[in-house]
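Below: the structure, in structure tokens.
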Protein chains: 2
Amino acid sequence: MTEKKILFRNKILKELYFEDNLSCVDLSKRIHKSFPITAKLIEQLMVENLVIENGYAPSTGGRRPLTYSIQKNVMYLVSVAMDQFVTKIAIMDMQNNFVSPIEKIVLPLPDNTKALDALIEKIAQVINSSGIEKEKFIGVGIGMPGFVDVQKGINYSFLQLPNNASITKHISEIIGIPVFIDNDSSLIALAEFYFGEARGEKNAMVINIGWGIGLGMILNGELFRGHEGFAGEFSHIPLFLNGQLCWCGKVGCLETETSLLLIIEKAREGINSGRLSKLNSLTFDDIEQAFDGIVKAVRSGDQFAAELFSKAGYNIGKGIAVLIHLFNPKKIILSGRGASAGKIWSAPIQQALNEHCIPRLFQGTSIAMSSLGTQAELIGAAALVMEHYEQEPIINKQIAA
Amino acid sequence: MTEKKILFRNKILKELYFEDNLSCVDLSKRIHKSFPITAKLIEQLMVENLVIENGYAPSTGGRRPLTYSIQKNVMYLVSVAMDQFVTKIAIMDMQNNFVSPIEKIVLPLPDNTKALDALIEKIAQVINSSGIEKEKFIGVGIGMPGFVDVQKGINYSFLQLPNNASITKHISEIIGIPVFIDNDSSLIALAEFYFGEARGEKNAMVINIGWGIGLGMILNGELFRGHEGFAGEFSHIPLFLNGQLCWCGKVGCLETETSLLLIIEKAREGINSGRLSKLNSLTFDDIEQAFDGIVKAVRSGDQFAAELFSKAGYNIGKGIAVLIHLFNPKKIILSGRGASAGKIWSAPIQQALNEHCIPRLFQGTSIAMSSLGTQAELIGAAALVMEHYEQEPIINKQIAA
DNA sequence: TAAACTTTTTTAATTTTTTAATAAGAAATT
DNA sequence: AATTTCTTATTAAAAAATTAAAAAAGTTTA
């Protein structure tokens with residue numbers, strides 16, 4: 001009874017996190033409860049200062065509805081975005097704002113037995129130095145590369161504990177806050193789904209163009225993870241007969257023809273072999289800087305740089321053709337680090353689709369560029385925590401008390 | 001109120017169609033209603049003779065539960081399975097039995113403006129000659145090749161009406177019974193999901209090895225159709241650099257290296273060019289017979305025939321590798337006409353997976369052969385109707401009256 | 001400018017659902 | 001062999017949710 005009430009209370013808070021300024025009618029539809037019940041729950045939430053009125057919405061032909069928002073400073077989230085070398089940590093409020101500056105630490109994951117301890121220490125430090133009471137944190141969301149089992153809380157590629165113990169449990173026991181993990185590409189898809197280009201879409205593919213090529217899938221209106229959570233291994237589908245050995249051990253993977261690392265590598269090779277290009281002044285000490293430099297070169301009309309993107313883009317397009325055939329998505333979103341290159345991708349991808357896609361299929365599919373930028377993964381990590389929020393009424397009891 | 005009651009009544013009937021011999025507790029969990037309510041609904045359904053008691057189930061450590069079944073002869077379904085040349089029609093009861101002999105008519109679909117009329121006439125005839133009152137038919141389910149929009153009831157490849165009008169509406173208006181259509185491979189997947197090897201699976205792929213290669217997907221516990229219903233175009237993903245022109249107009253499609261038609265074609269070529277084989281005595285007038293002949297030859301150890309299957313199997317395996325990477329399914333089921341070849345496929349597919357799949361991924365995936373045989377599509381067509389059953393309370397009112 | 005129509009909000013009454021208490025049948029344990 | 005435990009079934013009382021009715025606040029149309 002009270003249990004159930006808390007469930008629906010939390011559902012309201014969750015809905016208000018994912019969409020601001022909802023009316024009582026909206027909320028009652030979303031939580032599948034009648035209007036009177038929803039109204040009462042909202043009233044109670046306002047007394048507890050978890051929800052605030054937010055003025056009237058424009059009329060749609062009748063009385064204007066009062067809208068509500070979630071109080072942004074009563075609960076907080078810790079978002080963590082890891083790649084193989086660098087980890088970013090941020091604290092976010094209930095209205096998707098970064099409360100503290102995003103912290104960036106160098107934390108190499110491969111063959112690093114101390115990575116997990118370092119991660120935990122850093123998270124604890126960020127929480128402590130934030131000045132926010134610990135009780136106000138409702139969860140930690142972590143995105144990481146590798147084979148992640150979301151349910152069990154295990155990453156089979158990195159950050160492993162002895163006996164395949166759950167790292168979410170482990171971190172949670174130390175930090176004292178619920179912890180959720182997911183694959184980096186899945187979180188980017190989640191961010192696009194809730195706050196970006198895939199918002200409200202039932203069927204969308206989010207391609208994470210990064211040092212590798214990742215894929216997150218929104219299918220039938222929810223994030224699809226597959227049987228063990230490993231779905232979306234886009235970069236290692238056997239699509240090419242190039243004889244190129246991939247680091248995964250196989251031959252002809254999509255990644256051997258597309259990743260940003262490959263573009264940088266080819267740029268370096270080209271310059272070393274004397275190709276004429278604006279890239280000649282580029283340094284390759286920092287790959288992020290190197291990549292930004294190549295993007296700039298394309299924008300300013302450099303032919304060699306454009307060629308690199310064209311080839312990679314065409315091959316991504318060939319991969320997208322496979323996706324369109326199998327999933328018949330409404331929208332495909334290019335996100336992740338590589339999305340900063342923007343429209344550069346469009347032409348070669350379109351060309352690949354023209355060649356490799358049945359017209360009837362790609363006619364129904366649109367391709368868009370992400371607008372979330374490099375923070376997509378952090379936003380997705382926060383959304384991951386909130387997706388689980390209604391299942392954690394215990395946490396909320398503490399706050400309500 | 002009464003509307004709602006009928007909804008839950010129908011939900012019970014639906015559950016009993018999809019799984020026989022359920023107890024009251026089972027049903028109450030499945031329809032998400034409390035035990036007392038479920039008990040009352042069942043009682044009422046028994047009074048109306050729609051449900052019957054079916055003895056006690058074995059005890060699981062307490063009082064033995066009474067189990068219930070749906071009365072098999074109070075409602076009937078019409079199942080239709082079409083391929084490009086032949087159409088099969090059957091009448092099925094509520095316990096998945098074929099009530100009448102399966103009718104088979106030659107009905108070529110390509111460029112045949114009279115196909116739809118012929119189909120409707122045949123359906124009407126089957127219903128009329130069955131001797132079953134029309135009121136007892138709750139729906140017609142039709143599986144067909146091509147690009148099928150399930151919602152709108154349109155097949156963009158065959159059986160088209162002027163102005164893209166809905167053929168389900170059209171047929172329904174003439175026959176007087178609700179009509180549902182879907183892609184043939186989707187229906188085979190549906191059959192496997194409810195009554196076959198994919199039963200109860202949350203994530204499974206059903207590969208329809210037929211004259212082409214189809215794919216039906218069970219994702220997150222339901223059939224996945226994609227944005228417009230065209231998902232699963234497995235046979236036309238660009239996987240090969242063979243330069244082979246596919247009938248779809250593209251080059252290198254999976255179908256150019258795998259379909260059963262290709263096996264038959266290659267068998268013919270081989271024999272004509274003088275290859276030594278038991279296939280020499282084969283006639284190619286009837287493709288079904290020809291295919292069965294080749295399967296028999298493999299079983300009896302013919303090397304040439306085995307070679308044909310090996311190559312096709314390996315290439316299917318390469319396609320399956322793509323599926324495993326993208327979907328991380330728990331199970332892959334080989335179904336459709338080609339499944340009759342059984343274990344012949346296993347070895348070459350396994351080999352392809354070893355070469356093209358990340359070990360961690362295919363370790364979690366099992367491959368199974370369908371046991372539904374050639375009737376899978378008809379069973380799926382019936383299931384399609386029943387999936388929609390609870391949304392059609394009107395029909396049931398007639399029967400209950 | 002008033003009447004008619006929409007949509008939201010409030011309040012009250014009815015209906016429905018769940019819970020709880022009870023009983024009965026069957027297996028496991030002492 | 002008797003008791004305990006577990007599951008199912010039945011009934012009545014309590015709780016909760018939905019529905020219905022009416023008021024309030026706007027918009028549109030005659």
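A, B, ... follow the sequence lines: proteins, then strands. Residue 1 opens every chain.
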**Request:** Please say which of A:I181, A:T168, A:D182 ends up in a side chain to side chain contact (heavy atoms under 4.5 Å, CB included) with A:V150.
**Result:** A:D182

**Message:** My understanding is that only residues two or more places apart in sequence, or in another chain, count here; which of them pass side-chain contact (heavy atoms from CB on, under 4.5 Å) with A:S172?
**Reply:** A:V179

**Message:** How many whole angstroms separate atom NZ of B:K33 from atom C1' of C:dT16?
**Reply:** 9 Å

**Prompt:** Rounded to whole angstrom units, what separation is found between the CD atom of B:E53 and the P atom of D:dA9?
**Reply:** 9 Å

**Value in whole Å for how far the C1' atom of D:dA9 lies from CD of B:E43** = 12 Å

**Sub-4.0 Å heavy-atom contacts from residues 25-32 of chain B onto DNA chain D, ordered by number** = B:V25

**Fill in**
Rounded to the nearest 0.5 angstrom, the CG-NZ distance for B:N203 and B:K331 is 13.0 Å

**Asked** Does the side-chain contact (heavy atoms from CB on, under 4.5 Å) test come out yes or no for B:L41 and B:K11, once each step is laid out?
**Response** CA-CA 10 Å; B:L41 285 169; B:K11 270 194 180 170; over 6 Å; no

**Prompt:** Tell me: CD1 of A:I37 to P of D:dA15, nearest whole Å?
**Reply:** 16 Å

**Item:** Spacing between A:L7 atom CG and D:dA16 atom P, to the nearest angstrom
**Value:** 15 Å

**Prompt:** Given C:dT9, D:dA9, C:dT18, which nucleotide is nearest the side-chain atoms of B:L66?
**Reply:** D:dA9

**Request:** Check the side chains of B:S69 and B:D20 for a donor-acceptor pair under 3.5 angstrom, ignoring hydrogens and angles.
**Result:** yes

**Asked** Considering only D:dT18, D:dA9, C:dT17, which nucleotide approaches the side chain of B:C24 most closely?
**Response** D:dA9

**Request:** Sugar-phosphate atoms are those with a prime plus P, OP1 and OP2; base atoms are the rest. Using that split, label each nucleotide of nucleotides 23-30 of chain D B, S or - for protein heavy atoms under 4.0 Å, 5' to 3'.
**Result:** -BBBS---

**Asked** Does B:Y17 have its ring centroid less than 6.0 Å away from the ring centroid of B:F195?
**Response** yes

**Prompt:** Considering only heavy atoms from C-beta outward, does the side chain of B:S23 approach that of B:D26 to under 4.5 Å?
**Reply:** yes

**Message:** Under a 3.5 Å distance rule, please check whether B:E201 uses its side chain to pair with a backbone N or O of B:F193 as donor and acceptor.
**Reply:** no

**Asked** On DNA chain C, nearest-nucleotide positions of B:F35 versus A:A39: which is more 5'?
**Response** A:A39

**Prompt:** Does B:K330 use its side chain to pair, donor to acceptor, with the backbone of B:A198 at less than 3.5 Å?
**Reply:** no

**Asked** Which whole-number value in Å describes the distance from B:L41 CG to C:dT18 P?
**Response** 11 Å

**Prompt:** In whole Å, what is the span from the CE atom of A:M46 to the P atom of C:dT9?
**Reply:** 11 Å

**Item:** Per B:P36 side chain, nearest of listed nucleotides D:dT18, D:dA9, D:dT11
**Value:** D:dT11

